[in-house]
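Let me begin by presenting the structure, written as structure tokens, before commenting on it.
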Amino acid sequence: MPEAPESRSLNFIEDIIEADRVTEKHGGRVLTRFPPEPNGYLHIGHAKSICLNFGLGLRYDGATNLRFDDTNPVKEDVEYVDSIREDVEWLGFKWVNEFFASDYFQQLYDYAEYLVQQGKAYVCDLSEAEIRDYRGNFHTPGKDSPYRNRTPGENLDLLRRMRAGEFADGARVLRARIDMQSGNMNLRDPLMYRIRRAHHHRTGDAWLIYPLYDYAHGVSDALEAITHSICTLEFEDHRPLYGWFLEQDAEGKFFRRPLPRQIEFARLNLTYTVMSKRRLLELVKEGHVQHWDDPRMPTICGLRRRGFTPASLRNFAERVGVAKRDSISDVGLLEFAIREDLEKSALRRMAVLRPLKVILTNMGEGEVFELEVANHPDTSHGTRKLQLTREIFIEREDFEEIPPKKWFRLAPGAEVRLKGACLIRCEEVIKDAMGQVVELRCAWDPASLGGDAPDGRKVKGTLHWVSAAHAVTAEMRLYDRLFTAENPMDIAEGGDWRDTLNPHSLEVLPGAKLEASLAAANTGDRFQFERLGYFCVDRDSQPGALVFNRTVALKDSWAKVGEKG
RNA sequence: UGGGGAGUAGCCAAGUGGUAAGGCAGCAGGUUUUGAUCCUGCGUAUCGAGGGUUCGAAUCCUUCCUCCCCAACCA
């Protein structure tokens, strides 16, 4: 369950709600809704909306509905309904009611007949192209459709015959009779119904006409007695239309006042990624990523597989805030959110990504020192056993034959600490015919076992390591940002958003060496591999063939020193 | 040239006439058996620009500039 709202300044939607509570507009009631169209997978932008809507419900002792906006049968599918439920649940939210816009098809239709009878809607025979033409544009007012003044009786007859299937798809539409001269294009007699002989994932073939978003959405909100209907900025100029439909139907006493209010906020954008469903789909279709749940994807399922926690996503949503300004949030904030959560909870383990063999020359063959080490700097997380043996692996990049300035790690003649074990000093570097370092010969200080050297000498570096005899081999999948550009959609002349795809967004390391205790890790388990980052067991993992995803690396201030030269 | 929105530090974001919160990033230092975490300190923010009102303006008025959305039988 999400944590109690911390003290922070209110966002503008909370201001609105609190003002409504003061005036008792809805009798103090707060009911929001999360209304996805089940035509694709949810991404982190949806997560922001989910956290906003459900967060408001929780904060104001209200509730939130999950409503599938399924008014366009050709694009929707149950597959998506299931994944959406799963994602919302995984984020930690419970909806008080689950509805589908299609639940309201009959009411929507009945109200449409009412609007026709009131002379507020009419059946239009213009073709799609003609409608576009008659609508005019930003600089030219629209022209009335020649069918605009049909009598209510004629319209009702036509609407019923549309429903009965007497006309071909696209032959006629039902339109709201508003204002063809409006500066707001949405008010130039918007479409309410189209004829579509398509199989609907829930209503099957019961309907041949389907309502459009602008008509269906507001009515659905009102039927559910939603108090605050939150959507994104691009719907701002739909608001008058939202109000118009609700007002007409309220006059017809189809639902009670006060009517729900539409409020718009800025959708989430993230640096180094794309967020539109269409672009995401292209990434999948064109094979730039494996699937919707590829750990590089900003989808909720992708982030889940990558190792993100629900709490980290909720905290992230809380931190980016809610406002009306178009913005692009720094993906670094997302990385901060997951590190913040995992730092507290992930058990520490040792894993060597790119192994370099080290022989402890003064340790006996077959000798095994068993060590008990803490699972976490917070010792309440308990301990585990580690084995120290003559042959170990350390990280290849923890050794430099000619170390740069301020190098704390291993180098010829240098002494470092093996985390949780002992001090070792590098005495010899073994190379192959190509001159590559293949092995290090080091001397260990038995007196330092499990602690410091008795003579009080200090070392600056502490390395992670694993016993060669005990280590298990695993595949490591290291992820980097999918794009090299902060805003891939900010395309240069003649360029394509795909141009900035990062060719190194996935690096697979097949021969990583892990401490023995990790052999029993299960899919989804998360760990911090000391000095490296947070990792989780991928669903591709098998006993004996472990696969880990790197969720996020640890902050690395040494790397920054390197960058600066 | 129509309608609707938005401009506060590198990125988010408070602020609603009384003298610019907070977070992330960055920088410096301290602690540390993770170069992590943690702790401390660090930003003269032309509050998009100009003009005006006011004792006092990010907040009010005015002119202008920039950016975003809208012309699907998509949502």
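Chain A is the first sequence line, chain B the second, and so forth, proteins listed ahead of strands; every chain is numbered from 1.
To the nearest whole angstrom, the two P atoms, one in G4(B) and one in U46(B), are 32 Å apart. Taking the C1' atoms as reference points, U19(B) lies 33 Å from C68(B), given to the whole Å. The separation of A21(B) from C47(B), taken at their C1' atoms, amounts to 14 Å, rounded to a whole angstrom.
Cation-pi geometry between Arg172(A) and Phe167(A) is met: under 6.0 angstrom from the ring centre, within 45 degrees of the axis.
Both Phe235(A) and Ala266(A) lie close to RNA chain B; mapped to their nearest nucleotides by heavy-atom distance, the more 5′-ward contact belongs to Ala266(A).
For CZ of Arg202(A), the number of neighbouring non-hydrogen atoms (other residues, nucleotides, ligands) closer than 6.0 Å is greater than 12.
Note on ring orientation: taking the six-membered ring where Trp is involved, the planes of Tyr193(A) and Tyr109(A) are perpendicular (angle over 60°, cut-offs 30° and 60°).
Heavy atoms of Ser182(A) sit nowhere under 4.0 angstrom from any nucleic acid atom.
Between Glu37(A) and Thr71(A) there is no side-chain heavy-atom pair separated by less than 4.5 Å.
Under 4.0 angstrom from either OP1 or OP2 of C12(B) there lies no side-chain N or O belonging to Arg8(A). Residue Arg267(A) places no side-chain N or O under 4.0 Å from the OP1 or OP2 atom of A6(B). Side-chain N/O atoms of Ser327(A) include none lying less than 4.0 angstrom from OP1 or OP2 on C11(B). One finds a side-chain N or O of Arg194(A) lying less than 4.0 angstrom from the OP1 or OP2 phosphate oxygen of C74(B).
Taking a pair as Watson-Crick or G-U with both hydrogen-bonding distances under 3.5 Å, the stems of three or more pairs touching RNA chain B are B:2-7 with B:65-70, B:10-12 with B:22-24, B:26-30 with B:38-42, B:48-52 with B:60-64.
Glycosidic torsion of A25(B) falls outside 90° of 0, placing the base in anti.
Side-chain N/O atoms of Tyr242(A) and Asp221(A) include a donor and acceptor closer than 3.5 Å.
Stacking here means ring centres nearer than 5.5 Å and ring planes tilted less than 30 degrees, and by that measure Tyr213(A) does not stack onto C74(B).
For the pair Asp452(A) and Arg417(A), the salt-bridge criterion is met [side-chain N within less than 4.0 Å of a carboxylate O].
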**Request:** Sugar-phosphate atoms are those with a prime plus P, OP1 and OP2; base atoms are the rest. Using that split, label each nucleotide of nucleotides 30-40 of chain B B, S or - for protein heavy atoms under 4.0 Å, 5' to 3'.
**Result:** ---BBBSS---

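The stretch residues 41-51 of chain A does not touch RNA chain B, since none of its heavy atoms comes less than 4.0 Å from the strand.
Residues Phe105(A) and His200(A) place their aromatic rings such that the two centres sit under 6.0 Å apart.
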